[in-house]
A.B. asks: 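Input: one structure, supplied below.
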Protein chains: 2
Amino acid sequence: MTNNQQIIEYIKRTIDLTDQEAEIFAASFREVKIKKRQFIVQPNFIVKHRNYVIKGSFRAYVVDDHGQDSTIAFAIEDWWITDYNSYILQTPATMFVIALEDSIILEISYEKEQMLKQSNHKFETFFRIRAERTAAFMQQRIISNLTQTAEERYDRFMEKYPQIAERVPQYALASYLGMTTEFLSRIRNKKASKKS
Amino acid sequence: MTNNQQIIEYIKRTIDLTDQEAEIFAASFREVKIKKRQFIVQPNFIVKHRNYVIKGSFRAYVVDDHGQDSTIAFAIEDWWITDYNSYILQTPATMFVIALEDSIILEISYEKEQMLKQSNHKFETFFRIRAERTAAFMQQRIISNLTQTAEERYDRFMEKYPQIAERVPQYALASYLGMTTEFLSRIRNKKASKKS
DNA sequence: CTGATTTCCTAAACTAGATCATTTTTAAAC
DNA sequence: GTTTAAAAATGATCTAGTTTAGGAAATCAG
């Protein structure tokens with residue numbers, strides 16, 4: 001399966017498209033290879049692309065005044081990643097997005113996306129549904145942060161996204177879940193010793 | 001200004017509409033009066049409406065296993081409120097949404113909203129933009145929860161939404177910000193004594 | 001008005017999770 | 001492969017925020 005076919009399959013899971021429409025959609029993306037540790041988003045620049053991951057993995061994070069970094073999002077194959085606020089509102093980025101492995105992405109520019117949405121009601125629907133699901137996902141995370149303990153958040157993450165937990169460094173997962181690496185290490189250790 | 005005119009003004013701030021389109025949009029909503037302490041959403045039911053607040057205020061919250069409640073959202077005049085996940089994904093609600101004051105809302109049903117979006121590209125665009133801004137707002141909140149201390153979160157809320165802070169009970173604000181009422185009381189007290 | 005219910009405040013004891021410092025393990029780079 | 005750097009583990013100490021408990025204001029229903 002080519003990379004274009006992959007994103008066509010992806011969009012067809014959300015909306016029906018004719019072959020010609022699928023062609024137009026896929027043609028709006030550009031394939032880019034990214035090396036491990038390479039940044040695709042950096043603070044203060046206005047983000048120009050939304051990125052669909054074909055292969056590899058990424059981490060989006062912010063660094064606060066005290067030098068602490070907090071992971072905002074992960075992405076692996078078939079996920080999207082960017083600095084959402086910067087891309088949507090076309091304001092300067094506050095995040096870094098870095099490749100955790102050698103990766104391949106399909107990027108679409110802000111302008112191309114606007115054109116797609118204007119040109120065809122179906123594309124508008126697709127991006128509307130994407131935004132809704134993004135919001136629904138984020139709301140779940142807010143609820144989780146407000147109501148669960150560090151250990152409960154970890155357990156739930158392991159249930160829902162075991163394939164991500166395997167691939168990302170522990171410090172990144174800890175800061176995604178809102179705890180220190182040390183504390184996550186302890187949680188894991190406790191579980192490992194209980195099993196035996 | 002009638003309540004219909006109010007929501008027409010609202011949508012026109014996002015997209016341009018002809019008078020006829022504005023008419024169709026406004027006609028999809030139904031005005032409902034809600035008494036203080038009345039619930040408009042309760043757990044386990046699938047949420048049928050998205051609600052635009054004409055007058056009054058609301059609080060959306062979840063109650064966890066230990067009986068603790070966490071405020072997920074507030075709404076005052078010109079804001080929307082519902083159990084977002086339940087409405088968008090048409091799954092059973094996990095939240096309560098309660099009126100904090102005697103209120104008036106305009107509600108639109110899930111079916112009517114689907115019809116609007118299908119019938120006119122512009123309405124699809126409107127709801128796409130709403131979803132994007134909702135996601136952007138939620139992402140800001142996630143970042144705030146991950147990176148800031150309780151006091152910083154409070155300060156920032158007071159800066160951005162002073163008019164909400166005034167109108168909602170302290171325990172509701174505390175649980176929105178992810179802290180106990182007692183701790184919020186202490187923060188406020190500390191600030192009050194410093195000023196003198 | 002007035003009794004009842006909600007909301008808010010204060011303060012002491014407590015704990016989940018953070019911080020700090022050091023060691024061990026793993027992975028990157030030459 | 002060997003050196004070097006990054007990541008993870010471990011233990012000791014500390015602290016931001018919680019819990020518990022009591023009383024004082026404010027709000028509300030009748």
Side-chain angles (χ1 to χ4, degrees), chain A residues 35-38 57 59 61 63-71 74 96 98-102 144-157 165-196, chain B residues 35-39 56-57 59 61 63-71 74 96 98-103 144-157 164-194:
Chain A
K35 281 269 174 210
K36 183 169 179 173
R37 276 166 227 267
Q38 188 182 327
S57 57
R59 172 168 94 99
Y61 64 98
V63 178
D64 69 22
D65 311 334
H66 310 292
Q68 295 260 48
D69 83 49
S70 299
T71 300
F74 291 117
F96 296 90
I98 193 170
L100 295 171
E101 305 169 343
D102 288 350
S144 172
N145 285 165
L146 286 175
T147 61
Q148 298 181 301
T149 63
E151 184 166 357
E152 286 166 346
R153 273 176 270 137
Y154 171 72
D155 289 343
R156 174 160 153 174
F157 190 91
E166 268 169 17
R167 280 170 74 176
V168 305
Q170 187 174 77
Y171 66 85
L173 179 55
S175 81
Y176 179 88
L177 294 173
M179 67 185 86
T180 57
T181 324
E182 291 93 331
F183 198 68
L184 178 51
S185 169
R186 268 162 246 235
I187 289 173
R188 282 184 157 163
N189 222 275
K190 196 180 73 180
K191 284 179 197 297
S193 66
K194 267 195 191 157
K195 268 190 191 161
S196 64
Chain B
K35 280 270 173 209
K36 181 168 179 174
R37 279 166 227 266
Q38 187 182 330
F39 290 99
S57 58
R59 172 169 95 97
Y61 64 98
V63 178
D64 69 23
D65 311 335
H66 310 291
Q68 295 259 48
D69 83 50
S70 299
T71 301
F74 291 117
F96 295 90
I98 193 169
L100 295 171
E101 306 168 343
D102 288 350
S103 303
S144 171
N145 285 336
L146 287 174
T147 60
Q148 298 182 302
T149 62
E151 183 165 357
E152 286 166 345
R153 272 176 271 136
Y154 171 74
D155 289 343
R156 174 160 151 176
F157 190 92
I164 292 183
E166 268 168 19
R167 280 170 74 175
V168 305
Q170 187 173 75
Y171 66 85
L173 179 55
S175 81
Y176 179 88
L177 294 172
M179 68 185 84
T180 58
T181 322
E182 291 90 336
F183 197 67
L184 178 50
S185 169
R186 235 146 69 182
I187 289 173
R188 283 184 157 164
N189 220 272
K190 196 180 77 180
K191 285 180 196 299
S193 67
K194 265 193 191 158

A.B. asks: Rounded to the nearest 0.5 Å, how far apart are CD1 of A:Ile187 and CD of A:Glu151?
C.D. replies: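 Going from CD1 on A:Ile187 over to CD on A:Glu151, the span is 5.5 Å.
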A.B. asks: Give me the atom names and distance for the closest heavy-atom approach of B:Phe183 to B:Ala150.
C.D. replies: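 Taking every non-hydrogen atom into account, CE2-CB, 3.6 Å.
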A.B. asks: Can you list every side chain to side chain donor-acceptor pair (under 3.5 Å) pair that touches residues 172-187 of chain B, not counting sequence neighbours?
C.D. replies: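 Qualifying pairs, neighbours excluded: B:Thr71-B:Ser175.
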A.B. asks: Contact class for A:Arg188 vs. all strands (heavy atom < 4.0 Å): base, sugar-phosphate, or nothing?
C.D. replies: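 Answer is nothing: A:Arg188 stays at 4.0 Å or more from every strand.
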A.B. asks: Report the relative orientation of the aromatic rings in A:Phe96 and A:Tyr61; use parallel for angles under 30°, tilted for 30 to 60°, perpendicular for over 60°.
C.D. replies: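 Ring orientation of A:Phe96 relative to A:Tyr61: parallel.
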A.B. asks: Scan A:Glu152 against the nucleic acid and name what it touches under 4.0 Å (heavy atoms): base, sugar-phosphate only, or nothing.
C.D. replies: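 Contact class for A:Glu152: none.
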A.B. asks: Under 4.0 Å from any heavy atom of chain B: name the first and the last nucleotide of DNA chain D that qualifies, 5' to 3'.
C.D. replies: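 Result: D:dG17 to D:dC28.
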A.B. asks: Going 5' to 3' along DNA chain C, which are the first and last nucleotides with any atom under 4.0 Å from a heavy atom of chain A?
C.D. replies: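 The contacted stretch runs from C:dG17 to C:dA28.
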A.B. asks: Please name the pair of heavy atoms, one in B:Asn145 and one in B:Arg153, separated by the smallest distance, quoted to 0.1 Å.
C.D. replies: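 What the structure gives for the nearest pair is OD1-CD, 3.6 Å.
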A.B. asks: Please name all residues satisfying salt bridge (Lys or Arg N to Asp or Glu O under 4.0 Å) with B:Glu152, sequence neighbours left out, ordered by chain then number.
C.D. replies: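 None.
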A.B. asks: Could you tell me which non-hydrogen atom of B:Gly178 sits nearest to which non-hydrogen atom of A:Leu146, and how far apart they are?
C.D. replies: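 Of all heavy-atom pairs spanning B:Gly178 and A:Leu146, the closest is CA-CD2, 3.6 Å.
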A.B. asks: Please work out which residues in residues 177-187 of chain B have a non-hydrogen atom less than 4.0 Å from an atom of DNA chain C and list them by number.
C.D. replies: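 Those residues whose heavy atoms fall under 4.0 Å from DNA chain C, taken from residues 177-187 of chain B in numerical order, are B:Glu182, B:Ser185, B:Arg186.
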A.B. asks: Please evaluate residues A:Asp155 and A:Gln148 with respect to the criterion side chain to side chain contact (heavy atoms under 4.5 Å, CB included), reporting the C-alpha separation (whole Å), side-chain torsions for both, the decisive distance (0.1 Å), and the verdict.
C.D. replies: CA-CA 10 Å; A:Asp155 289 343; A:Gln148 298 181 301; over 6 Å; no
A.B. asks: With nearest nucleotides of DNA chain C determined for B:Gln170 and A:Arg37 from heavy-atom distances, which residue corresponds to the more 5′ nucleotide?
C.D. replies: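 On the 5' side of the pair lies B:Gln170.
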A.B. asks: Looking only at heavy atoms, what is the nearest atom pair of A:Arg188 and A:Ala165, with distance?
C.D. replies: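 Scanning both residues completely, I find the closest heavy atoms to be NH2-O, 4.3 Å.
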A.B. asks: For B:Lys36 versus B:Asp102, what's the shortest heavy-atom pair and its separation?
C.D. replies: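 Nearest heavy atoms, B:Lys36 then B:Asp102: N-OD1, 2.8 Å.
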A.B. asks: Nearest-nucleotide wise, let me know which of B:Lys36 and A:Ala172 is further upstream toward the 5' end of DNA chain D.
C.D. replies: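 The residue closer to the strand's 5' end, by nearest nucleotide, is A:Ala172.
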A.B. asks: Going from CG on B:Leu184 to CG on B:Asn189, what distance comes out if it is rounded to the nearest 0.5 angstrom?
C.D. replies: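 Answer rounded to 0.5 Å: 10.5 Å.
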A.B. asks: To the nearest 0.5 Å, what is the distance between CZ on B:Arg59 and CD1 on B:Ile164?
C.D. replies: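 It comes to 13.5 Å.
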A.B. asks: To the nearest 10 degrees, how far apart in direction are the end axes of the helix from C:dC1-D:dG30 to C:dC30-D:dG1, each fit to five base pairs?
C.D. replies: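 Taking the rotation axis at each end, their angle is 70°.
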A.B. asks: What heavy-atom pair brings B:Gly56 and B:Arg167 nearest, and what distance separates the two atoms?
C.D. replies: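 The answer is O-NH2, 3.1 Å.
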